[in-house]
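Notes follow once the structure below has been shown.
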There are 2 protein chains.
Amino acid sequence: MKRRKKPEPACCPAPDDSPDLRPTEGPQADKELAKLSKALGHPARVQIVRLLLRRNSCVCGGIVDELSLAQSTVSQHLKVLKQAGLVRGEIDGPRVCYCIEPRALRRLRALVGSL
Amino acid sequence: MKRRKKPEPACCPAPDDSPDLRPTEGPQADKELAKLSKALGHPARVQIVRLLLRRNSCVCGGIVDELSLAQSTVSQHLKVLKQAGLVRGEIDGPRVCYCIEPRALRRLRALVGSL
DNA sequence: CGCTCTTATCGTCGTTCTACGATGAAACGA
DNA sequence: TCGTTTCATCGTAGAACGACGATAAGAGCG
(Lines give C-alpha, C1' and ligand atoms only; values in the text may rest on other atoms or scores of the structure.)
Protein backbone atom coordinates (compact mmCIF):
# COMPACT_ATOMS: atom_id res chain seq x y z
CA MET A 1 0.00 0.00 0.00
CA LYS A 2 1.22 3.42 -0.84
CA ARG A 3 1.41 5.88 1.97
CA ARG A 4 1.38 9.49 0.87
CA LYS A 5 1.80 12.96 2.27
CA LYS A 6 2.93 13.57 5.71
CA PRO A 7 1.95 17.23 6.00
CA GLU A 8 4.86 18.68 3.96
CA PRO A 9 8.19 19.66 5.42
CA ALA A 10 8.10 23.45 4.97
CA CYS A 11 11.80 24.01 5.13
CA CYS A 12 13.95 26.51 3.29
CA PRO A 13 13.18 29.77 5.01
CA ALA A 14 15.44 31.71 2.65
CA PRO A 15 15.75 35.14 4.18
CA ASP A 16 18.09 36.88 1.75
CA ASP A 17 18.06 40.54 0.96
CA SER A 18 21.71 41.36 0.35
CA PRO A 19 22.36 43.31 -2.80
CA ASP A 20 24.23 41.69 -5.65
CA LEU A 21 27.46 43.43 -6.49
CA ARG A 22 28.65 41.32 -9.37
CA PRO A 23 28.84 42.97 -12.77
CA THR A 24 26.26 42.13 -15.42
CA GLU A 25 28.68 42.34 -18.31
CA GLY A 26 32.03 40.97 -19.35
CA PRO A 27 33.22 37.48 -20.11
CA GLN A 28 32.50 36.26 -16.62
CA ALA A 29 28.90 37.45 -16.76
CA ASP A 30 28.51 35.85 -20.17
CA LYS A 31 29.57 32.50 -18.85
CA GLU A 32 27.29 32.88 -15.88
CA LEU A 33 24.31 33.77 -18.01
CA ALA A 34 25.05 30.83 -20.28
CA LYS A 35 25.23 28.49 -17.32
CA LEU A 36 21.97 29.65 -15.79
CA SER A 37 20.23 29.68 -19.14
CA LYS A 38 21.40 26.22 -19.96
CA ALA A 39 19.97 24.98 -16.69
CA LEU A 40 16.61 26.44 -17.66
CA GLY A 41 16.95 25.12 -21.19
CA HIS A 42 14.68 22.16 -20.68
CA PRO A 43 10.92 22.26 -20.22
CA ALA A 44 10.96 19.84 -17.32
CA ARG A 45 13.39 22.04 -15.43
CA VAL A 46 11.34 25.13 -16.05
CA GLN A 47 8.37 23.20 -14.72
CA ILE A 48 10.31 22.21 -11.63
CA VAL A 49 11.34 25.79 -10.94
CA ARG A 50 7.78 26.98 -11.37
CA LEU A 51 6.53 24.24 -9.12
CA LEU A 52 8.98 25.12 -6.40
CA LEU A 53 7.99 28.75 -6.65
CA ARG A 54 4.28 28.02 -6.55
CA ARG A 55 4.42 26.02 -3.37
CA ASN A 56 5.91 28.35 -0.84
CA SER A 57 6.35 25.19 1.10
CA CYS A 58 9.13 23.59 -0.88
CA VAL A 59 8.28 20.22 -2.27
CA CYS A 60 10.50 17.21 -1.91
CA GLY A 61 10.19 14.47 -4.45
CA GLY A 62 6.48 15.01 -4.81
CA ILE A 63 7.79 16.69 -7.88
CA VAL A 64 7.90 13.28 -9.42
CA ASP A 65 4.14 12.98 -9.09
CA GLU A 66 3.63 16.12 -11.11
CA LEU A 67 6.02 15.59 -13.99
CA SER A 68 5.23 12.33 -15.74
CA LEU A 69 8.89 11.38 -15.60
CA ALA A 70 10.74 8.61 -13.82
CA GLN A 71 12.09 9.34 -10.38
CA SER A 72 15.67 8.99 -11.53
CA THR A 73 15.13 11.43 -14.35
CA VAL A 74 13.65 14.02 -12.04
CA SER A 75 16.56 13.52 -9.72
CA GLN A 76 18.94 14.25 -12.56
CA HIS A 77 17.13 17.42 -13.49
CA LEU A 78 17.26 18.52 -9.88
CA LYS A 79 20.97 17.86 -9.89
CA VAL A 80 21.40 20.10 -12.92
CA LEU A 81 19.44 22.87 -11.27
CA LYS A 82 21.41 22.43 -8.09
CA GLN A 83 24.75 22.61 -9.88
CA ALA A 84 23.66 25.80 -11.59
CA GLY A 85 22.88 27.18 -8.16
CA LEU A 86 19.21 27.73 -8.91
CA VAL A 87 17.96 25.24 -6.39
CA ARG A 88 18.95 24.05 -2.98
CA GLY A 89 18.19 20.73 -1.31
CA GLU A 90 18.01 20.11 2.40
CA ILE A 91 17.74 16.74 3.99
CA ASP A 92 14.60 16.41 6.05
CA GLY A 93 14.44 13.03 7.63
CA PRO A 94 14.14 10.39 4.97
CA ARG A 95 13.25 12.86 2.24
CA VAL A 96 14.88 15.89 0.72
CA CYS A 97 13.34 19.30 0.63
CA TYR A 98 14.09 21.33 -2.48
CA CYS A 99 13.61 25.00 -2.84
CA ILE A 100 14.53 27.88 -5.05
CA GLU A 101 17.66 29.86 -4.37
CA PRO A 102 16.30 33.39 -4.65
CA ARG A 103 19.70 34.95 -5.10
CA ALA A 104 20.35 32.94 -8.23
CA LEU A 105 16.98 33.86 -9.63
CA ARG A 106 17.61 37.52 -9.02
CA ARG A 107 20.99 37.14 -10.61
CA LEU A 108 19.43 35.59 -13.69
CA ARG A 109 16.93 38.40 -13.94
CA ALA A 110 19.72 40.94 -13.68
CA LEU A 111 21.74 39.24 -16.38
CA VAL A 112 18.84 38.85 -18.76
CA GLY A 113 17.83 42.40 -18.02
CA SER A 114 21.28 43.58 -19.05
CA LEU A 115 20.67 42.34 -22.59
CA MET B 1 45.54 39.82 -49.75
CA LYS B 2 42.71 40.20 -47.34
CA ARG B 3 40.36 43.07 -47.93
CA ARG B 4 38.39 44.14 -44.89
CA LYS B 5 35.52 46.35 -43.92
CA LYS B 6 33.37 48.00 -46.44
CA PRO B 7 31.78 50.60 -44.16
CA GLU B 8 29.26 48.25 -42.44
CA PRO B 9 25.81 47.52 -43.76
CA ALA B 10 23.66 49.21 -41.11
CA CYS B 11 20.52 47.28 -41.81
CA CYS B 12 17.83 46.02 -39.45
CA PRO B 13 15.97 49.16 -38.46
CA ALA B 14 13.74 47.23 -36.08
CA PRO B 15 10.93 49.58 -35.19
CA ASP B 16 8.77 47.48 -32.86
CA ASP B 17 6.70 48.79 -30.02
CA SER B 18 3.65 46.55 -30.02
CA PRO B 19 2.76 45.11 -26.63
CA ASP B 20 3.10 41.40 -26.02
CA LEU B 21 -0.16 39.73 -25.17
CA ARG B 22 1.01 36.19 -24.67
CA PRO B 23 0.74 34.74 -21.16
CA THR B 24 3.87 34.29 -19.08
CA GLU B 25 2.68 31.10 -17.42
CA GLY B 26 1.31 27.73 -18.37
CA PRO B 27 2.82 24.83 -20.29
CA GLN B 28 3.18 26.86 -23.44
CA ALA B 29 5.15 29.56 -21.69
CA ASP B 30 7.30 26.94 -20.04
CA LYS B 31 8.27 25.48 -23.37
CA GLU B 32 8.93 28.92 -24.75
CA LEU B 33 11.15 29.87 -21.84
CA ALA B 34 13.02 26.61 -22.18
CA LYS B 35 13.57 27.20 -25.87
CA LEU B 36 14.85 30.72 -25.43
CA SER B 37 17.00 29.73 -22.49
CA LYS B 38 18.49 26.84 -24.35
CA ALA B 39 19.47 29.18 -27.16
CA LEU B 40 21.30 31.34 -24.66
CA GLY B 41 22.78 28.31 -22.96
CA HIS B 42 26.17 28.60 -24.58
CA PRO B 43 28.78 31.27 -23.89
CA ALA B 44 29.48 31.89 -27.55
CA ARG B 45 25.84 32.61 -28.21
CA VAL B 46 25.61 34.99 -25.30
CA GLN B 47 28.66 36.72 -26.72
CA ILE B 48 27.02 36.97 -30.11
CA VAL B 49 23.88 38.48 -28.68
CA ARG B 50 25.87 40.99 -26.69
CA LEU B 51 27.94 41.83 -29.74
CA LEU B 52 24.85 42.44 -31.84
CA LEU B 53 23.40 44.64 -29.15
CA ARG B 54 26.57 46.65 -28.70
CA ARG B 55 26.91 47.58 -32.34
CA ASN B 56 23.73 49.38 -33.16
CA SER B 57 24.85 48.76 -36.68
CA CYS B 58 24.29 45.05 -36.89
CA VAL B 59 27.34 43.08 -37.76
CA CYS B 60 27.46 40.48 -40.46
CA GLY B 61 30.05 37.79 -40.24
CA GLY B 62 32.55 40.11 -38.67
CA ILE B 63 31.33 38.18 -35.67
CA VAL B 64 33.77 35.51 -36.68
CA ASP B 65 36.66 37.89 -36.15
CA GLU B 66 35.64 38.49 -32.56
CA LEU B 67 34.93 34.98 -31.39
CA SER B 68 38.00 32.83 -31.90
CA LEU B 69 35.83 30.16 -33.52
CA ALA B 70 35.70 28.75 -37.02
CA GLN B 71 33.35 30.40 -39.48
CA SER B 72 31.21 27.30 -39.76
CA THR B 73 30.83 27.08 -36.01
CA VAL B 74 29.73 30.69 -35.75
CA SER B 75 27.27 30.08 -38.54
CA GLN B 76 25.79 27.20 -36.59
CA HIS B 77 25.41 29.29 -33.46
CA LEU B 78 23.71 31.96 -35.51
CA LYS B 79 21.36 29.35 -36.86
CA VAL B 80 20.43 28.28 -33.35
CA LEU B 81 19.75 31.87 -32.35
CA LYS B 82 17.72 32.40 -35.48
CA GLN B 83 15.63 29.29 -34.91
CA ALA B 84 14.91 30.44 -31.39
CA GLY B 85 13.74 33.71 -32.85
CA LEU B 86 16.31 35.79 -31.01
CA VAL B 87 18.12 36.94 -34.09
CA ARG B 88 17.23 37.87 -37.63
CA GLY B 89 19.43 37.75 -40.70
CA GLU B 90 18.97 39.87 -43.79
CA ILE B 91 20.88 39.40 -46.99
CA ASP B 92 22.88 42.46 -47.88
CA GLY B 93 24.68 41.94 -51.14
CA PRO B 94 27.22 39.19 -50.74
CA ARG B 95 27.05 39.21 -46.96
CA VAL B 96 24.34 38.71 -44.35
CA CYS B 97 23.41 41.27 -41.78
CA TYR B 98 22.40 39.87 -38.43
CA CYS B 99 20.59 41.71 -35.74
CA ILE B 100 18.68 41.15 -32.56
CA GLU B 101 14.95 40.59 -32.65
CA PRO B 102 13.86 42.95 -29.89
CA ARG B 103 10.48 41.31 -29.46
CA ALA B 104 12.08 38.00 -28.57
CA LEU B 105 14.35 39.66 -26.10
CA ARG B 106 11.46 41.40 -24.42
CA ARG B 107 9.60 38.14 -24.36
CA LEU B 108 12.52 36.46 -22.65
CA ARG B 109 12.70 39.20 -20.05
CA ALA B 110 8.99 38.87 -19.40
CA LEU B 111 9.25 35.11 -18.99
CA VAL B 112 12.25 35.25 -16.70
CA GLY B 113 10.60 38.04 -14.80
CA SER B 114 7.62 35.83 -14.19
CA LEU B 115 9.76 33.42 -12.18
C1' DC C 1 32.28 34.15 -68.29
C1' DG C 2 35.68 33.37 -64.56
C1' DC C 3 37.22 35.00 -59.86
C1' DT C 4 36.68 36.42 -55.26
C1' DC C 5 34.29 37.18 -51.18
C1' DT C 6 30.92 35.76 -47.93
C1' DT C 7 27.78 32.33 -45.87
C1' DA C 8 25.45 28.19 -45.43
C1' DT C 9 25.53 23.40 -45.40
C1' DC C 10 27.56 18.69 -45.24
C1' DG C 11 30.04 14.96 -43.12
C1' DT C 12 32.52 13.60 -39.21
C1' DC C 13 34.05 12.83 -34.51
C1' DG C 14 33.95 13.12 -29.79
C1' DT C 15 31.16 14.80 -25.97
C1' DT C 16 27.11 15.73 -23.53
C1' DC C 17 22.10 15.26 -22.74
C1' DT C 18 17.85 12.71 -21.68
C1' DA C 19 15.55 9.00 -20.36
C1' DC C 20 14.95 4.65 -18.08
C1' DG C 21 15.38 0.58 -14.84
C1' DA C 22 18.22 -1.35 -11.33
C1' DT C 23 20.79 -0.89 -7.44
C1' DG C 24 22.61 1.62 -3.10
C1' DA C 25 22.25 4.34 1.10
C1' DA C 26 20.23 6.88 4.74
C1' DA C 27 16.37 7.60 8.00
C1' DC C 28 12.65 6.35 10.22
C1' DG C 29 8.81 2.94 12.44
C1' DA C 30 7.32 -1.36 13.94
C1' DT D 1 16.94 -5.46 13.89
C1' DC D 2 14.25 -5.67 9.85
C1' DG D 3 11.31 -3.72 6.44
C1' DT D 4 9.76 0.61 4.17
C1' DT D 5 10.14 4.80 2.28
C1' DT D 6 12.79 8.24 -0.15
C1' DC D 7 16.22 9.75 -2.81
C1' DA D 8 20.80 9.46 -5.29
C1' DT D 9 23.74 7.06 -8.23
C1' DC D 10 25.14 3.72 -11.81
C1' DG D 11 24.93 1.73 -16.26
C1' DT D 12 23.15 2.06 -20.73
C1' DA D 13 21.24 3.40 -25.17
C1' DG D 14 19.73 6.72 -28.41
C1' DA D 15 19.53 11.57 -29.61
C1' DA D 16 21.41 16.03 -29.75
C1' DC D 17 25.38 19.29 -29.32
C1' DG D 18 29.82 21.58 -30.49
C1' DA D 19 33.57 21.90 -33.12
C1' DC D 20 36.10 21.59 -37.33
C1' DG D 21 37.48 21.32 -42.40
C1' DA D 22 35.70 20.83 -46.91
C1' DT D 23 32.53 22.08 -50.10
C1' DA D 24 28.55 24.37 -52.39
C1' DA D 25 25.83 28.47 -53.45
C1' DG D 26 24.91 33.35 -54.31
C1' DA D 27 26.51 38.28 -55.33
C1' DG D 28 29.34 41.24 -57.25
C1' DC D 29 33.52 42.66 -60.07
C1' DG D 30 36.69 42.41 -63.84
Side-chain angles (χ1 to χ4, degrees), chain A residues 1-9 11-12 30-31 34-48 51-52 58-84 87-99, chain B residues 1-9 11-12 30-31 34-48 51-52 58-84 87-99:
Chain A
M1 185 220 216
K2 280 250 205 154
R3 181 161 312 273
R4 196 164 294 271
K5 305 283 160 52
K6 306 241 187 124
E8 272 292 342
C11 52
C12 301
D30 285 1
K31 272 197 285 187
K35 182 176 170 187
L36 290 170
S37 296
K38 188 170 181 179
L40 274 187
H42 192 289
R45 292 196 285 268
V46 173
Q47 258 186 288
I48 290 175
L51 191 60
L52 290 178
C58 36
V59 194
C60 322
I63 302 171
V64 175
D65 298 335
E66 309 261 354
L67 299 215
S68 57
L69 283 176
Q71 179 266 323
S72 56
T73 305
V74 171
S75 195
Q76 294 224 84
H77 283 306
L78 284 167
K79 186 176 181 181
V80 171
L81 289 170
K82 222 182 338 181
Q83 281 175 340
V87 145
R88 187 175 21 161
E90 288 181 8
I91 297 179
D92 170 55
R95 55 198 129 224
V96 177
C97 168
Y98 283 100
C99 56
Chain B
M1 185 224 223
K2 280 254 210 152
R3 182 161 310 273
R4 196 163 295 269
K5 303 285 161 49
K6 305 241 188 121
E8 272 293 342
C11 52
C12 302
D30 285 2
K31 273 198 284 186
K35 182 177 169 186
L36 291 168
S37 297
K38 188 169 182 179
L40 275 187
H42 191 286
R45 292 196 287 267
V46 173
Q47 259 186 289
I48 291 176
L51 190 60
L52 290 178
C58 36
V59 193
C60 324
I63 302 170
V64 175
D65 297 335
E66 309 263 354
L67 300 215
S68 58
L69 283 176
Q71 177 267 325
S72 56
T73 306
V74 171
S75 194
Q76 294 225 84
H77 283 307
L78 283 167
K79 185 176 181 181
V80 172
L81 290 170
K82 223 182 337 183
Q83 282 175 339
V87 145
R88 189 178 17 161
E90 288 182 7
I91 298 179
D92 170 56
R95 57 199 126 224
V96 176
C97 168
Y98 282 100
C99 57

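A note on names: the letters A, B, ... follow the listed sequences, proteins ahead of strands, and every chain is numbered from 1.
If you take NZ on A:Lys31 and NZ on A:Lys38, they are separated by 13.5 Å, rounding to the nearest 0.5 Å. The line from CZ of B:Arg45 to CG of A:Asp30 is 13.0 Å long, rounded to the nearest 0.5 Å. Put simply, CG on B:Leu69 and CD on B:Gln47 are 8.0 Å apart, with the number rounded to the nearest 0.5 Å. We find the CG-CG distance between A:Asp65 and A:Leu51 to be 10.0 Å, quoted to the nearest 0.5 Å. In this structure, NZ on B:Lys79 lies 12.0 Å from OG on B:Ser72, to the nearest 0.5 angstrom. Distance NE2/B:His77 to CG/B:Leu67: 8.0 Å, rounded to 0.5 Å.
Between the CD atom of A:Gln83 and the P atom of D:dT9 there is a distance of 9 Å, rounded to whole Å. In this structure, B:Lys35 atom NZ and D:dA16 atom C1' are separated by 16 Å, rounded to whole Å. For the pair B:Glu90 CD and C:dT7 P, the computed distance is 14 Å after rounding to whole Å. Put simply, CZ on A:Arg95 is 10 Å from P on C:dC28, counting in whole angstrom units.
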Under 3.5 Å between N/O atoms: give me all the protein pairs with nucleotides 17-23 of chain D, atom names plus distance.
{"unit_1": "D:dC17", "atom_1": "OP1", "unit_2": "B:Lys38", "atom_2": "NZ", "d": "3.3"}
{"unit_1": "D:dG18", "atom_1": "OP2", "unit_2": "B:Arg45", "atom_2": "NH1", "d": "3.2"}
{"unit_1": "D:dA19", "atom_1": "OP2", "unit_2": "B:His42", "atom_2": "NE2", "d": "3.3"}
{"unit_1": "D:dA19", "atom_1": "OP2", "unit_2": "B:His77", "atom_2": "NE2", "d": "2.6"}
{"unit_1": "D:dA19", "atom_1": "N7", "unit_2": "B:Gln76", "atom_2": "NE2", "d": "3.3"}
{"unit_1": "D:dC20", "atom_1": "OP2", "unit_2": "B:Ala70", "atom_2": "N", "d": "3.0"}
{"unit_1": "D:dC20", "atom_1": "OP2", "unit_2": "B:Thr73", "atom_2": "OG1", "d": "2.9"}
{"unit_1": "D:dG21", "atom_1": "N7", "unit_2": "B:Ser72", "atom_2": "OG", "d": "3.3"}
{"unit_1": "D:dG21", "atom_1": "O6", "unit_2": "B:Ser72", "atom_2": "OG", "d": "3.2"}

Mind listing the N/O atom pairs, protein and nucleotides 25-27 of chain D, below 3.5 Å?
none

For this session: Test side-chain contact (heavy atoms from CB on, under 4.5 Å) on B:Leu52 and B:Leu81 and set out the steps.
Result: CA-CA 12 Å; B:Leu52 290 178; B:Leu81 290 170; 5.9 Å; no
Exercise. Step by step, would you call A:Leu36 with A:Leu40 a side-chain contact (heavy atoms from CB on, under 4.5 Å)?
Worked result: CA-CA 7 Å; A:Leu36 290 170; A:Leu40 274 187; over 6 Å; no
